[in-house]
2 protein chains.
Amino acid sequence: MMYLTPQKRALGAVFERASRPLTPPEICEEARKELPTLGLATVYRAIKQFLAEGQIRAVEVPGAAPHYESAARHHHHFFVCCECKRLFDLIGCVRGVQSLAPQGFRVRQHEIVLYGECAACANQEGAL
Amino acid sequence: MMYLTPQKRALGAVFERASRPLTPPEICEEARKELPTLGLATVYRAIKQFLAEGQIRAVEVPGAAPHYESAARHHHHFFVCCECKRLFDLIGCVRGVQSLAPQGFRVRQHEIVLYGECAACANQEGAL
DNA sequence: CTCAATTTGAGATTTGACTCTCACTTTCTA
DNA sequence: TAGAAAGTGAGAGTCAAATCTCAAATTGAG
């Protein structure tokens, strides 16, 4: 039996209004605006539960700490700006990714990450 | 000045004959077949040197420890087995990945990672 | 309401990956 | 070949992320 607590409600709300994937500390900080005493352990506990329920999804990008986002957002990939380190959502996906797997392999998921410079950083280039 | 030691020779050979990216402990274990006293610290030291020389490349895959492979192997992507945690090479690439980026973004690199079960683990499934 | 089951916060602990230290050994230039 | 520079192994140390502990507080079925 799982109790519905203000902590979980607040954490759930954070995921719902987030416009990008967040790290556990970011999630904690954000939820503290509503519940200032919220502990990081509780954040990790909630993440684990939410993941198990399929309410949120882990976004793991090489070279960055794990981020989490609402599972309601649909399948998408990321662009990592090598200059400013921000993550951007990519719109759309590529067909045929699964066919890269060898015979007999079962593909459950895939991630595509592009690395480079975002529009803002690419523009400043001359200035560097 | 860098000395050429049996340890580095053995570690270099491990990278040359590896058919998939390896983790430092895997590299250590493999090299110990030749030099049984080889320490993990030496593996890390060699990895750092080989990386600096461009002899090997880091393969950072979300949800897995860093792996390393010979830089001589060309552009390819990976399959991560969620059961046994091993990495496998994918043959080929997908066209059109770069076009996912928004206007004005400069794409330098991309990574594609498939997750699932490798042929061996997919087969054992009934037994679990 | 009552109260057993569950959850919480805070800090301690664990974990995992990696680096450092140090005494000893090896490499290779001069 | 002498010896300075570089490398080695083993274990201790580091660091950050994640988990555990436990007393106190909360939840919600009955």
Side-chain angles (χ1 to χ4, degrees), chain A residues 1-15 21-53 55-69 80 85 87, chain B residues 1-15 18 20-53 55-69 78 80-87:
Chain A
M1 215 284 99
M2 188 176 109
Y3 293 169
L4 181 55
T5 61
Q7 287 82 352
K8 282 182 207 162
R9 236 187 308 262
L11 289 167
V14 168
F15 285 113
L22 304 171
T23 60
E26 283 173 335
I27 294 160
C28 188
E29 194 179 343
E30 185 61 27
R32 276 182 169 161
K33 291 178 184 170
E34 194 176 327
L35 289 172
T37 65
L38 189 106
L40 190 55
T42 300
V43 174
Y44 279 107
R45 283 188 283 240
I47 285 174
K48 190 179 274 185
Q49 284 188 357
F50 291 172
L51 278 177
E53 288 165 19
Q55 202 173 128
I56 62 170
R57 144 196 338 129
V59 177
E60 299 186 326
V61 161
H67 290 61
Y68 301 89
E69 64 176 359
V80 183
K85 310 294 175 196
L87 261 66
Chain B
M1 216 278 105
M2 189 176 110
Y3 294 168
L4 182 55
T5 61
Q7 287 82 352
K8 282 182 208 164
R9 236 189 307 263
L11 289 166
V14 167
F15 284 113
R20 60 184 186 83
L22 304 172
T23 60
E26 281 174 336
I27 294 160
C28 189
E29 194 179 344
E30 186 61 28
R32 276 181 169 162
K33 290 178 184 168
E34 195 177 327
L35 289 172
T37 66
L38 188 107
L40 190 55
T42 301
V43 174
Y44 279 107
R45 282 188 281 241
I47 286 174
K48 191 179 275 186
Q49 285 189 356
F50 290 172
L51 278 177
E53 288 166 20
Q55 202 173 126
I56 62 171
R57 152 198 325 135
V59 178
E60 295 189 329
V61 159
H67 289 62
Y68 301 90
E69 64 174 0
F78 303 95
V80 183
C81 177
C82 299
E83 290 298 325
C84 66
K85 310 296 175 196
R86 284 184 300 173
L87 259 66

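All heavy atoms count here, side chains included; hydrogens, waters and symmetry mates do not. By convention in this document, chain letters (A, B, ...) are assigned in the order of the sequence lines, proteins followed by strands, and residues within each chain are numbered from 1.
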_Once side chain to side chain donor-acceptor pair (under 3.5 Å) is applied, do any residues pair with B:Q55, and if so which ones, sequence neighbours excluded?_
B:E53
*Summarise how protein sits on nucleotides 23-30 of chain D as a single string, 5' to 3': B when a protein heavy atom is under 4.0 Å from the base, S for sugar-phosphate-only contact, - for no contact.*
----BS--
*Who are the salt bridge (Lys or Arg N to Asp or Glu O under 4.0 Å) partners of B:K48, not counting sequence neighbours?*
none
*Report the residues that fulfil side-chain contact (heavy atoms from CB on, under 4.5 Å) with B:Q7, sequence neighbours left out, ordered by chain and then residue number.*
B:T5, B:L35, B:L38, B:T42
*Which atom pair, heavy atoms only, marks the closest approach of B:L51 to B:A58?*
CD2-N, 3.8 Å
*Nearest heavy-atom neighbours spanning A:G39 and A:R32*: CA-NH2, 4.1 Å
*For atom NZ of B:K8 and atom P of C:dT26, their distance in whole Å*: 15 Å
_Between C1' of C:dG9 and CG of A:L11, the distance in whole Å_ = 13 Å
*asked:* Between A:R57 and A:E69, does any NZ, NE, NH1 or NH2 come within less than 4.0 Å of an OD or OE carboxylate oxygen?
replied: yes
_What is the distance, to the nearest angstrom, from the CZ atom on B:R45 to the P atom on C:dT19?_
11 Å
*Kindly give the heavy-atom pair with the smallest separation between A:P24 and A:P66, and that separation in Å.*
CD-O, 3.7 Å
*Determine to 10° how strongly the helix from C:dC1-D:dG30 to C:dA30-D:dT1 is bent, judged from the axes of its five-pair ends.*
30°
*Interface with DNA chain C, restricted to residues 21-40 of chain B and to heavy atoms under 4.0 Å*: B:P24
*Is there a donor-acceptor pair closer than 3.5 Å between any side-chain N or O of A:K8 and the backbone N or O of A:Y3?*
yes
*So do the side chains of B:L11 and B:R9 get within less than 4.5 Å of each other, counting heavy atoms only?*
no
*A:E26 side-chain N/O to A:T23 backbone N/O, donor-acceptor pair under 3.5 Å*: yes
*asked:* A side-chain contact here means heavy atoms from C-beta on lying under 4.5 Å apart; do B:V59 and B:F78 qualify?
replied: yes
_Of the listed nucleotides C:dC18, D:dG9, C:dA10, the one nearest the side chain of B:Y44_ = C:dC18
*Could you tell me the separation between the NE2 atom of B:H67 and the C1' atom of C:dA17, rounded to a whole number of Å?*
13 Å
